[in-house]
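Written below as structure tokens is the structure these notes are about.
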Protein chains: 2
Amino acid sequence: MTQMTIGRLSKEAGVKVTTIRYYESIDLMGEPDRSSSGQRLYGDEAVQRLSFIRHARDLGFPIDSIRELIDLQHKPGEDCAHVDVIARRQLAGVRQKLSQLEALEAELKRMVSACAGGSIATCKVLESLGDHAHCLDAHDAGLISTQIGAKL
Amino acid sequence: MTQMTIGRLSKEAGVKVTTIRYYESIDLMGEPDRSSSGQRLYGDEAVQRLSFIRHARDLGFPIDSIRELIDLQHKPGEDCAHVDVIARRQLAGVRQKLSQLEALEAELKRMVSACAGGSIATCKVLESLGDHAHCLDAHDAGLISTQIGAKL
DNA sequence: CTTGTCTCTATAGTCGCTGTAGACTGTAGG
DNA sequence: CCTACAGTCTACAGCGACTATAGAGACAAG
């Protein structure tokens, strides 16, 4: 199996067809060969590259970092300190979000367990939300709030 | 102080001026009075409402949930079960993200600590990323990956 | 030959803002 | 009164990383 269609590549690497085309459009994946009718044809190295990208995305690396990592992969002689920096930056970000989410979880838990049923007029959840005494620092909260609500 | 400008409201509620105007544009905040020259003028109840919104956003509630919560606030006689559902949904989402982030943190930590310096050719971090044996389930990972990289 | 599944391109939408441009308004000091 | 300068106005483009849609063409199996 030297050449495969985009659908096949999609299954091999676990990345949606549309996403592969998107990666091509932003030059994260190079332009593949085309069949006589214009369909994309990929080789096995595309599976490798796409799997790398997917794994890095799963770990939350932004596209730009992945671009850097791929560039570095093609300079095998260089020092890997730069790679380390990128990974540590990512780890630091994840840890920051973890601690923010833990604070959120605590406040939400508190709110929900305070609710004893009853009417809206006495609802502890709404009361907590209206309360000015915030648990989180405004800056941190602003940073994280955009990200949590997104896909629930 | 019965009437205040948007800048004042911004400081009172801890929400940026542009964000307030955005909330108005999506009908999350109602249209305020205007001065003779067309500047927005808010009363104290706007501070209350905006603070409620901000606190809910800080906790990661999506705008649509906040809209629901505000609607419910205006029906004080009804049962608060619906409010509880919204809050629990949010808590469940936060907990899911927490566990995903914990898995991420573990893998990143493992990757980074495996790096002993040296050249890119032998870099353990790049090796891990290229590895097909993923720690996360593809679906979960896809859900979360979009959110973590965003603001690092 | 038909049916159904891929594949193609191009464009708009998602979420929750943020930034920009260019014009106007309000206020404090000289 | 004049001048700065901060605040406000509208309208629209951009962010990140996709996702969805429309409308058309391609290919494999029965």
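- Look at A/D84 and A/R88 and you find a salt bridge, because one of the NZ, NE, NH1 or NH2 atoms lies within 4.0 Å of a carboxylate O, short of that distance.
- OP1 or OP2 of D/dC27 has at least one side-chain nitrogen or oxygen of A/S37 nearer than 4.0 Å.
- Judged by distance alone, the side chain of A/S10 and the main-chain N or O of A/V15 form a donor-acceptor pair under 3.5 Å.
- Atom P of nucleotide C/dT14 and atom CD1 of B/I63 are separated by 14 Å, given to the nearest angstrom.
- You'll find that the side chain of A/T19 is closest to D/dT19, out of C/dT18, C/dG16, D/dT19.
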Can you list the steps and then say if A/R49 with A/E45 is a salt bridge (Lys or Arg N to Asp or Glu O under 4.0 Å)? CA-CA 6 Å; A/R49 179 154 178 159; A/E45 77 290 346; over 6 Å; no
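- The A/R57 side chain lies nearest to D/dA17 when the options are C/dT7, C/dT18, D/dA17.
- Taking only side-chain nitrogens and oxygens, A/R40 never comes nearer than 4.0 Å to OP1 or OP2 of C/dT7.
- Contact check, B/Y23 against C/dG16: no side-chain N or O comes under 4.0 Å of OP1 or OP2.
- Closest to the A/Y22 side chain, of the nucleotides D/dC18, C/dT9, C/dT18, is D/dC18.
- Comparing C/dC17, C/dC8, D/dT8 by their nearest atom to the side chain of A/I6 picks out C/dC8.
- Side-chain atoms of A/S65 and A/R89 form a donor-acceptor pair, as typed in the model, at a separation below 3.5 Å.
- As a whole-Å value, the separation of B/R67 CZ from C/dG16 P is 9 Å.
- The side chain of A/R34 approaches C/dT9 more closely than any other nucleotide in the set D/dC18, C/dG16, C/dT9.
- Rounded to whole angstrom, the span from the CD1 atom of A/I20 across to the C1' atom of C/dC8 amounts to 14 Å.
- Comparing C/dT9, C/dG16, D/dT10 by their closest approach to the side chain of A/R21 singles out C/dT9.
- What separates CZ of B/R8 from P of D/dT8 is a distance of 11 Å, to the nearest Å.
- Going from atom OH of B/Y42 over to atom P of D/dC9 covers 7 Å, rounded to whole Å.
- Checked against D/dC18, C/dC17, D/dC9, the side chain of B/Q39 finds its nearest nucleotide in D/dC9.
- The distance between atom CD of A/E24 and atom C1' of C/dC8, rounded to the nearest whole Å, is 11 Å.
- Between the side chain of B/S51 and the main chain of B/V47, a donor-acceptor pair closer than 3.5 Å is present.
- If B/S35 and B/D64 are placed on DNA chain C by their nearest nucleotide, the residue sitting closer to the 5' end is B/D64.
- Protein atom CG of A/L28 is 13 Å distant from nucleotide atom C1' of D/dC18, rounded to whole Å.
- Taking atom CE of B/M4 as the reference point, atom P of D/dT8 lies 12 Å away to the nearest angstrom.
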